[in-house]
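Worksheet: the structure to be examined is printed underneath.
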Amino acid sequence: MKLNPEPFNKIKSSAKTYELRLHDEKRKSINVGDFIEFTKQNSAEKCIVKVIDLLLFNNFAELYAKLPLDQCGYDTSKLENASPKDMEKYYTKKEQRRYGVIAIKTEPVE
């Protein structure tokens, strides 16, 4: 999976433990214990993580209400501005209704 540089670096350093995605066909094949290779956008840098939990939600609003957002990639100083609408730049509400969303809890292995 590809990631922008900031979330990539946070996952690699364990500052971000949840990767948030649509629960589309590609993500439905992920299981606890699997390994995921993340690639930093515009770079050849890679990071391998182990999937340690999978949490399913109907939409990002539900996910944001349940998960610690500092573990989802937000800086602790910006948590009061965190909003599920932030994810709409990646996934429309229609896509969220169609697939649901998933929080993939990971830990780096490299």
Side-chain angles (χ1 to χ4, degrees):
M1 286 189 240
K2 293 183 181 182
L3 285 173
N4 288 322
E6 185 179 355
F8 177 91
N9 293 334
K10 286 182 177 184
I11 282 182
K12 189 172 182 178
S13 71
S14 298
K16 178 180 180 190
T17 57
Y18 289 101
E19 175 58 17
L20 312 180
R21 300 281 177 135
L22 283 182
H23 192 225
D24 58 12
E25 294 307 316
K26 186 175 180 181
R27 264 44 80 170
K28 286 181 182 175
S29 67
I30 298 172
N31 295 296
V32 172
D34 286 352
F35 294 90
I36 296 173
E37 180 179 84
F38 287 110
T39 303
K40 186 190 284 189
Q41 288 280 4
N42 304 318
S43 167
E45 189 175 354
K46 297 187 183 304
C47 172
I48 297 175
V49 299
K50 183 175 183 178
V51 176
I52 58 173
D53 202 3
L54 299 167
L55 303 167
L56 301 176
F57 299 93
N58 292 316
N59 52 53
F60 288 110
E62 185 180 299
L63 182 154
Y64 273 51
K66 304 253 185 199
L67 292 182
L69 297 179
D70 59 327
Q71 293 179 31
C72 296
Y74 285 96
D75 292 326
T76 53
S77 63
K78 299 178 181 175
L79 288 177
E80 68 273 358
N81 296 324
S83 168
K85 290 184 185 282
D86 297 341
M87 295 303 291
E88 290 177 19
K89 64 184 168 186
Y90 307 107
Y91 308 115
T92 66
K93 285 185 178 184
K94 183 177 179 180
E95 289 173 315
Q96 292 176 53
R97 282 190 301 274
R98 180 175 179 196
Y99 296 109
V101 301
I102 188 169
I104 305 166
K105 189 167 188 179
T106 65
E107 63 183 14
V109 292
E110 290 185 343

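This structure is a prediction, so every number in the text was calculated from the model and none was measured. The analysis underlying the following values was restricted to heavy atoms, covering all of them including side chains, and did not include hydrogens, waters or symmetry mates.
In this structure, NZ on Lys105 lies 8.0 Å from CG on Leu55, to the nearest 0.5 angstrom. To the nearest 0.5 angstrom, Leu69 atom CG is 10.5 Å from Tyr18 atom OH. Taking CD of Glu95 as the start and CD of Glu88 as the end, the distance is 10.5 Å to the nearest 0.5 Å. Rounding to the nearest 0.5 Å gives a distance of 12.5 Å between CD of Glu19 and CG of Leu54. Taking CG from Leu20 and CD1 from Ile104, the interatomic distance works out to 8.5 Å, rounded to the nearest 0.5 Å. Note that CZ of Arg27 and OH of Tyr99 are 10.0 Å apart. Values are rounded to the nearest 0.5 Å.
Residues Asn59 and Arg97 have side chains not in contact (no heavy-atom distance under 4.5 Å, counting atoms from C-beta outward). Looking at heavy atoms from C-beta onward, Phe57 lies out of side-chain contact with Tyr64 at the 4.5 angstrom threshold. At least one side-chain heavy atom of Pro108 sits under 4.5 Å from a side-chain heavy atom of Ser14. Two residues are said to be in side-chain contact when any heavy atoms from C-beta on lie closer than 4.5 Å; Val49 and Phe35 fail this criterion. His23 places none of its side-chain heavy atoms less than 4.5 Å from the side chain of Ile30.
Under 3.5 Å, the side chains of Asp86 and Tyr74 contain a donor-acceptor pair of N or O atoms. Judged purely by distance below 3.5 Å, without hydrogens or angles, the side chains of Lys40 and Asn9 pair a donor atom with an acceptor atom. With hydrogens and angles left out, the side-chain atoms of Thr39 and Lys46 include a donor and acceptor closer than 3.5 Å.
No path of Ile, Leu, Val, Met, Phe, Trp and Tyr side chains, each step under 4.5 Å between heavy atoms, connects Tyr90 with Leu3, placing them in separate hydrophobic clusters. In this structure, Leu56 is not a member of the same hydrophobic cluster as Leu67, with clusters built from ILVMFWY side-chain heavy atoms closer than 4.5 Å. Neither Ile36 nor Ile48 shares a network with the other; the hydrophobic side chains, linked directly or stepwise wherever heavy atoms of I, L, V, M, F, W or Y lie under 4.5 Å apart, form separate groups for each.
Of all heavy-atom pairs spanning Val32 and Asp53, the tightest one is CG2-CA, 3.9 Å. The minimum heavy-atom distance between Phe60 and Gln96, with the atom names listed, is N-OE1, 3.0 Å. Summarising the geometry of Cys47 relative to Ile11, their closest heavy-atom pair is SG-CG2, 4.5 Å, with the distance given to 0.1 Å.
For Lys28, the NZ atom sits in a packed shell: over 12 heavy atoms of surrounding residues, nucleotides or ligands are nearer than 6.0 Å.
Glu45 has a carboxylate O that lies under 4.0 Å from a charged side-chain N of Lys12, or vice versa, which qualifies the two as a salt bridge. The existence of a salt bridge linking Glu6 and Lys10 is confirmed by a sub-4.0 Å separation between a basic side-chain nitrogen and an acidic carboxylate oxygen.
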